[in-house]
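So that the names make sense, note that chain A is the first sequence line, chain B the second, and so on, each numbered from 1.
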Amino acid sequence: MHDRKYLRECPEIARQSLATRGEEFARKIDRFLEIDVERRRQQTELDELRSERNSASKEIGELMKAGRRDEAEERKGYTRTINSRIEQLEAQHGMLSDEEEDILLSLPNFPDPSIPVGPEGNQVEIKAHGDPRKFEFAARDHMELCQRLELANFEAGARISGSGFPVMHGNGAVLQRALISLMADVHVMRHGYTELRVPFMVHPRCPLGTGQLPKFGSEMYHVYVDKKLSEDEPESGPHYYLIPTAEVPVVNYYREQILEQPSLPIKFMAYSPCWRVEAGSYGKDAKGLTRLHQFEKVELVRICAPEDGLAQLEEITADAEHILEILGLAYRRIVLPSGDMAFGSAKTYDLEVWCPGEQAWREVSSASLTTDYQARRASIRYRSEPGGKPQFPHLLNASGLALPRLMIALLETYQTVDGNVVLPEVLHKYMPHTSILTPPEAGAPPMI
RNA sequence: GGAGAGUUGGCCGAGUGGUUGAAGGCGGCUGCCUGCUAAGCAGUUAUACGGUGAUAUAGCCGUAUCGAGGGUUCGAAUCCCUCACUCUCCGCCA
């Protein structure tokens, strides 16, 4: 959400900035400005009328006390006429305020001037790390490896829930758990994050704060208690959203709070499952573990001083990259163009890991600086000095990292000629029972 | 699922129709006093929006805000209704 004053005072800059994200926003800003002028005019008039009513009421009180009933009655009549005017104005003012609010909530963040302008495809590679492994044999893709080593069961997942809900099986499940532990440990012990364990279903206010709502409600799973399912007005009862990322609950940890002289940056890490509807994406990267309705992720969030945002983005991105580095995976960092960023982001780096079996770079992390955009929406403020003015901090988030695609890269990179997988050393202490994934022995539960 | 209690300022906590934006306390800030420390005294200390002002985000004026929404009234934190949330006890359950 943007500062009204800024839009009012620098509409041209705002228009130009948002034009890089889509052509519809200039029109919205124009409408905002139009409404804003009229809304303020009405508010001034309302304030004056109310002021008059307040003082008249006070007078009535004094007249009553003094026993001057007739004069009091006369004043009451006067206030009643003011009230009808107030009522009228309030209705108009309310409608305008609502529309203004809707517009504000539907404007994305201003892109940082440093990023490339344009639609998806205009991203720029910032750096590359590690060499994609060369194979002296035909590298298998992760589907084949999962099948052979019995690591993931897609059919069973479909039976249980539907497509996009795989069951991790045997060593696949263990490996996933090991990766979670490894990443969490590194972020907590080495990078200094405080770990949170958060609710996975959240109050609607949360995704509004982070920017998924109101525009992207259809991309999240919405949960009602059973008795509300059949009713026409689900909004009347308690309802929740399944989190599409731990960023949602973590950012809302301080929603509507004023932090008193916090020591910034605040760094939070949270592991969680994530649910995404992914409507309309069938067929697009949809095979295997690439794109799922439910997946797991370790998420990083930072809260920092406004002047520090860009530097913090570099750090949080480096924290995510560090995981790829200790796992020995080749990756590149790209900066997303204005037209391809999440709604609340001002600048986003994607980390793409090399998946040799598919001969493709796959996004495993997205690190974003949301500046004060989420802080405003979620009303998170802080005072840098006692009695100082509350100000909006900058918020950042980064996946560190998403499990399924990390798993793809890991399996495909460390496969051997005979179709096994030799795990990198850093994982050994998290999987003491085996450092080489091989097909299960006879007697293991069948994967069908 | 059943029964009850509650939701007030950074925190605790008064307050059942009229100078209550809100007593009192804690904490914070400013000053005074005290030859250390401690204590004491006085003052001050919410947020948002609008206007005015300056144009460095000071000051002044107004409005709104006592969980949310609606109602009664000239006037509501205070009365009425609806909803949300929190807590306690019982039941059920990992």
May I have the distance from [X] (atom [atom1]) to [N] (atom [atom2]), rounded to whole angstrom?
{"X": "A:Arg53", "N": "B:C74", "atom1": "CZ", "atom2": "P", "answer": "11 Å"}
{"X": "A:Arg4", "N": "B:G51", "atom1": "CZ", "atom2": "P", "answer": "12 Å"}
{"X": "A:Arg205", "N": "B:C85", "atom1": "CZ", "atom2": "P", "answer": "15 Å"}
{"X": "A:Leu96", "N": "B:G50", "atom1": "CG", "atom2": "C1'", "answer": "15 Å"}
{"X": "A:Glu62", "N": "B:G75", "atom1": "CD", "atom2": "C1'", "answer": "13 Å"}

Pull out every residue in residues 255-266 of chain A that has a heavy atom closer than 4.0 Å to any atom of RNA chain B, ordered by number, or say none. none

Neighbours of RNA chain B within residues 33-42 of chain A, by heavy-atom distance under 4.0 Å: A:Arg39, A:Arg40

Compare the minimum distances between each of B:C49, B:G75, B:G18 and the side chain of A:Ile60, then state the nucleotide with the smallest one. B:G18

From B:G51, B:U63, B:G18, nucleotide with atom closest to A:Thr44 side chain: B:G51

Paired and unpaired positions of RNA chain B as dot-bracket, Watson-Crick or G-U wobble under 3.5 Å, | denoting a partner strand: ((((((((.[[[..)..(.....]]]((((((.......))))))(((((((......))))))).[[[[[..)....]]]]])))))))....

Measuring from A:Asp112:CG to A:Met341:CE, what's the distance to the nearest 0.5 Å? 8.5 Å

Measure from the side-chain N and O atoms of A:Ser399 to the backbone N and O of A:Ser366, and report whether any donor-acceptor pair falls under 3.5 Å. yes

Partner residues of A:Glu34 under the salt bridge (Lys or Arg N to Asp or Glu O under 4.0 Å) criterion, sequence neighbours left out: A:Arg31

Note: A:Glu314-A:Arg333 ion pair, threshold 4.0 Å (strictly below): yes

All pairs passing ring pair (Phe, Tyr, Trp, His ring centres under 6.0 Å) where residues 94-116 of chain A contributes a residue, at least two apart: A:His2-A:Phe110, A:Tyr6-A:Phe110

Residues in ring-ring contact (aromatic ring centres under 6.0 Å, His included) contact with A:His93, at least two apart in sequence or another chain: none

